[in-house]
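One structure is given here, and the rest of the page talks about it.
Proteins get letters first, then strands, A, B, ... in listed order; numbering begins at 1 in each. From a predicted model like this one, the values you see are computed outputs, not experimental measurements.
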2 protein chains.
Amino acid sequence: MTTREVPPVAEMPTLDPDVDVAALRALLDGRHREVRDLVRANLAEHAQILEDAEVLDRAAYRERVRDVVVTMAATGQTGMGFPEAYGGGGDIGASIAAFETLAYGDLSVLVKVGVQFGLFGGAILQLGTKHHHDALLADLVAGRTMGCFAMTESGHGSNVQALGTVASYDAAAQEFVITTPDDASRKDYIGNAAAHGEVAVVFAQLEVGHGDQGEQVERHGVHAFVVPIREDGRVLDGVRVEDDGPKMGLNGVDNGRLWFDGVRVPRTALLNQFAEVTPEGRYLSPIDNPNKRFFTMLGTLVQGRVCVGGAGINAAKVALAIAVRYADRRRQFEASATGEEQVLLDYGVHQRRLLPLLARTYALHLAQEVVAGQLHEVFSANGDEPDDEQARRMLESRAAGTKALGTWHATRTIQECREACGGAGYLSENRFAALKADTDVFTTFEGDNHVLLQLVAKGLLTDYAGEFEEMDQLGMARFVAGLAVDTVVERTAVHKLVQSVRDLLPGGDSWDQEAGLLDPNYQLAMLRFREEHMIAGVARRLKRGIDQGDDPGAVFSRVQDHVIAAARAHTERLVLEAFVAKVAAVSDPDLEATLRLLCDLHALSTIEADRAWFMEHGRLSSTRSKAISREVNALCRRVRPLAVDLVDAFGVPDEVLRSPDLLGWTDAGPVR
Amino acid sequence: MTTREVPPVAEMPTLDPDVDVAALRALLDGRHREVRDLVRANLAEHAQILEDAEVLDRAAYRERVRDVVVTMAATGQTGMGFPEAYGGGGDIGASIAAFETLAYGDLSVLVKVGVQFGLFGGAILQLGTKHHHDALLADLVAGRTMGCFAMTESGHGSNVQALGTVASYDAAAQEFVITTPDDASRKDYIGNAAAHGEVAVVFAQLEVGHGDQGEQVERHGVHAFVVPIREDGRVLDGVRVEDDGPKMGLNGVDNGRLWFDGVRVPRTALLNQFAEVTPEGRYLSPIDNPNKRFFTMLGTLVQGRVCVGGAGINAAKVALAIAVRYADRRRQFEASATGEEQVLLDYGVHQRRLLPLLARTYALHLAQEVVAGQLHEVFSANGDEPDDEQARRMLESRAAGTKALGTWHATRTIQECREACGGAGYLSENRFAALKADTDVFTTFEGDNHVLLQLVAKGLLTDYAGEFEEMDQLGMARFVAGLAVDTVVERTAVHKLVQSVRDLLPGGDSWDQEAGLLDPNYQLAMLRFREEHMIAGVARRLKRGIDQGDDPGAVFSRVQDHVIAAARAHTERLVLEAFVAKVAAVSDPDLEATLRLLCDLHALSTIEADRAWFMEHGRLSSTRSKAISREVNALCRRVRPLAVDLVDAFGVPDEVLRSPDLLGWTDAGPVR
């Protein structure tokens, strides 16, 4: 490692930008500005629910949430992603924007919307065909028919391919028989199950050919079926429902458990977009490989992950809007010569606590915009084109990574903002209580974040292997056992790049020791180097383990943290690229300067957070590492005067901010 | 920085210890084992309250908590720290042990006990004299008289010296008149205020000598007064109470706001341990310096901080007990050659997530034992001895640091454990909901953690200055302005040590590049070096700022993160020293080996977490830094087979663990 002196940190520009809040907000809102404003108006109108959530009992709160959801549905807000023929808006991008923005308000409403229109509605739309669409879409889009997405089982959280519910085809009756074989296979945590759901999309192992006439039972893996569970509020025969009981948060959503005891549904209950069972019991699918078929089915549900990631990022905005504005007016201790107490945000540590999180929120918002755009492209295009597959896989990987980073960011940011508001942050009227409790599950639902990052890593490795071979969702262990890892390493762009650092570092191997810290090429090169180095390292370690004949499980266990770190590094690079690209695309000088400041703060605090790794891998001298920390401090001081404008640009409606004491509300609204 | 090769990581011993759970538990329980077992029995008996907390409305939950507190009081559990003459146990150490252990159960009960017996009772005991003791102690120890500790005001969170409530002495009536001059000075977040408190200890600015006869008003700073606020459930005239409303957690505690409108109390209402007002209105105090007097008064309340730190550590144990035992039985994905799913705790990342936190919990428990022991010594000794002052100040610093580290550890550990239990961790019956919500305020109450660490840093710097000069609680800015910092630097042990690294590194300046990673001398030397280097750096930066004539507020703002890092480094060193000392004192070989393994894991993961700093400051080569990460992984694998025994040794009663699905309860209790 070199320890030569680096040039001093770049001179601080004397003029920092003026923030045009309206212009910045328009930039963040992007092309779905109108939809976002519709949601903002709906949130303001129903803001009372935030207070009701604190005083209603659980049953009443659930009813209240349902009412708000149905009322919002009537404005078109929740149906943006469905075909216009069924009362939808026919615009997937708009549906993501609407959902994200909904995260400014009560999050039980958000999740109920996600369950009803995203998961249940999405499954009917994506996995079903015209028969199912005609029967169900119009009613579900209007909120007249409430439904469940019954995938997760108590015994099988992330390992969906191993779930235990069985749907066996009875050819004589032309019916499927749905059965829960044991308690580990009960459906669990299912939204809308405990109270409101009338229909469930049930994921079950499809079996064809009963032993009755001595023929072989064929097992075709997990498929989805439409199963009525309730009529006029009464649970149907053969179905058992249990309430999941009180939860940490989201108590306005009626999560429950479902058991099926030989429930019969017609042959047409199979959502048959990707597979079909003929009346006689022949199984047909356009996708031969069962693994590939399974992941194609799951892949249609990528929208849920994109939505949750966006919701996490927007929930973090609410927390920051409160904490930053509080810190800009709360005085604490005498610290200046005049004897007046300083406002909190003038303290260095307070800036350090809040402002890098604010910059990262901008970064993730813009990265999310890219994912949402890609989702819109992929799902609006004709799904039969052959090159779609590659785009879908890239989207799935990007959605998984962004969801993990966005939801962890939410947990961390809300926590930091709560603490930064002291004891007042603990009172429910100040929003943090519900924000914390409600978002906490975001890191583990719609895919546990660690499992999702393993999915990302798998994609990175298999991409390079040049062959499309689907595996079980986590699947790294089988992957370790089954794949010729040397092929992976040989073919990787990664490998080549690590061999020849010059390709990554525009100015040669030692360029990064002297490049300007505020040069986006430098920042990007650092994140690219880390990513490529980590992926190549994972591949080498996997190969070595196999070559040594070690137990695949043990090999995977040893490499797992490296696998997850590589996926995280990959996603961090994508996030920064999205931010840098946005800065480059802005023409207004003040807006560009504002975003650039935030981009620098985000990039350098990201590098700083992992500076140990960069030092360990020869890309950062100790002197330069310290210079980065100083530069982050300097950037915090420059962002500080803009901070209130930067959170105002999120456009969180005053009505949902609440926090009367923290924000110093008067009759005219919060003090600005 | 040197990058020479270090020797390979020490050979892994082939024999890892067997854990004798009972012996380990006895070691952790320490000398107050009986008290802890009494609390465990009480918790088991009242375990139903954990479920009641989920279903009762707020008012009913508050009553339930009050009842449990009073019932527990009757067993002697909550009065351990009071003199036997008033129905107490006369053993301060025992009272800390009892309080800590209570954190295994419902935390509203814990906090209500803290308010009633720790804060209210503690103030009467420590700040009052025989008159107050005779009048109040017996009733409050029995829970017959409930009381408030009315210090915090809405406008003055951590800055107690600036609070606004006024107590002016009316010599004619021989009464104090208590007044809330404005809304910023209302008492806020006061436990027992909203419903149950009959008496409040009110902190107010003492004013003597009214302008009536033209004499000067003397202001003597903050003092404490006994003020009745309620009788037979009715709020008394002149007192206004407002409920703080729903909170993130601890909703079984009736926090509220208090305003006083010229409330008159007799002259004897002043808690006069440290100051007195004569009937004619002369102010007398054995402590001349008003700052010193104020901090002497506050110092008597150090017990609250020790208690909260211990409670945080014990709440973390509950989370770990659930998450580790769940991870030891939950299978997920096929990863082994046999096709059977691996249990979660066999995954490398899962070990990394939980086991360093487990080791750190042991470390903090043992550090807490030292603080609690010192508290017992200081408060059981005769307080009039002159050298007591030094011991008290060391205790206050240590209590502040340990409280900060212990409560942050609780927040982090409970969060990680929740996520490690996936969706199931989100259900209230699995404890994490309440654990998270209830402990969240620990980081900001009884002193905001950041403010507490500044207090620690102040102590470190003033110690070296060799003069005892009290400052306002945060006070760093004034300190910067008023102190001759060069004196500080000259006199520091620090300075000397940094000048001569050999004193810190037993084998010379480069010894630490080759010492065994598992050598406790090496581990301690690393933490000592960091601490000393940071403190000296802070002193130098403060001096430079003053020499340059910068605004003190700006200087402090720039150095603040460094100040806090130094205090944290100091406390981390104390924690590791406590752990190493304990290992050395254990004679049983298995027990010693077990603790040593945990101590190594704690020490190396602590160094690893800040390895960037060590690299930046020339104490760690990149090669050695990577070796430390590998060693942490290896230690995790060695701790893994012991993990369930290690959490069982915490002795959390099965009845309060709940978590039927996570732990696989049968009729005979949780599966072991």
Can you name the closest pair of heavy atoms from [X] and [Y] and give their distance?
| X | Y | result |
| --- | --- | --- |
| A:Asp440 | B:Tyr426 | CB-CE1, 4.0 Å |
| B:Glu616 | A:Ser622 | CA-CB, 3.5 Å |
| A:Met248 | B:Ser428 | N-OG, 3.8 Å |
| A:Tyr347 | B:Gln560 | CB-OE1, 3.4 Å |
| B:Glu419 | A:Trp408 | OE1-NE1, 3.2 Å |

Side chain, backbone, both or neither: which part of [X] has a heavy atom under 4.5 Å from chain B?
| X | value |
| --- | --- |
| A:Leu427 | both |
| A:Ala424 | both |
| A:Gln415 | side chain |
| A:Phe445 | neither |
| A:Asp561 | both |
| A:Arg58 | neither |

Proximal component of B:His562, with respect to chain A [non-hydrogen, under 4.5 Å]:
neither
Salt-bridge present (B:Asp661, A:Arg186; N to O < 4.0 Å):
yes
I need the residue from B:Ser629, B:Gly425, B:Ser625 with the largest number of non-hydrogen atom pairs under 4.5 Å to chain A.
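Counting heavy-atom pairs under 4.5 Å, the top option is B:Ser625.
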Residue pair A:His450 / B:Arg353, side-chain heavy-atom distance below 4.5 Å:
yes
Would you say A:Arg611 and B:Met615 make side-chain contact, with heavy atoms under 4.5 Å?
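Not touching, per the 4.5 Å side-chain cut-off.
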Would you mind telling me which of [options] has the largest number of heavy-atom pairs within less than 4.5 Å of chain B?
| options | result |
| --- | --- |
| A:Lys626, A:Glu608, A:Gln351 | A:Lys626 |
| A:Glu429, A:Arg352, A:Lys436 | A:Lys436 |
| A:Ala434, A:Gly422, A:Gly245 | A:Gly422 |

From CG (A:Asn251) to CD (B:Glu54), nearest 0.5 Å:
9.5 Å
Evaluate side-chain contact (heavy atoms from CB on, under 4.5 Å) for A:Asp57 paired with B:Val55, printing each intermediate quantity in order.
CA-CA 9 Å; A:Asp57 66 27; B:Val55 292; over 6 Å; no
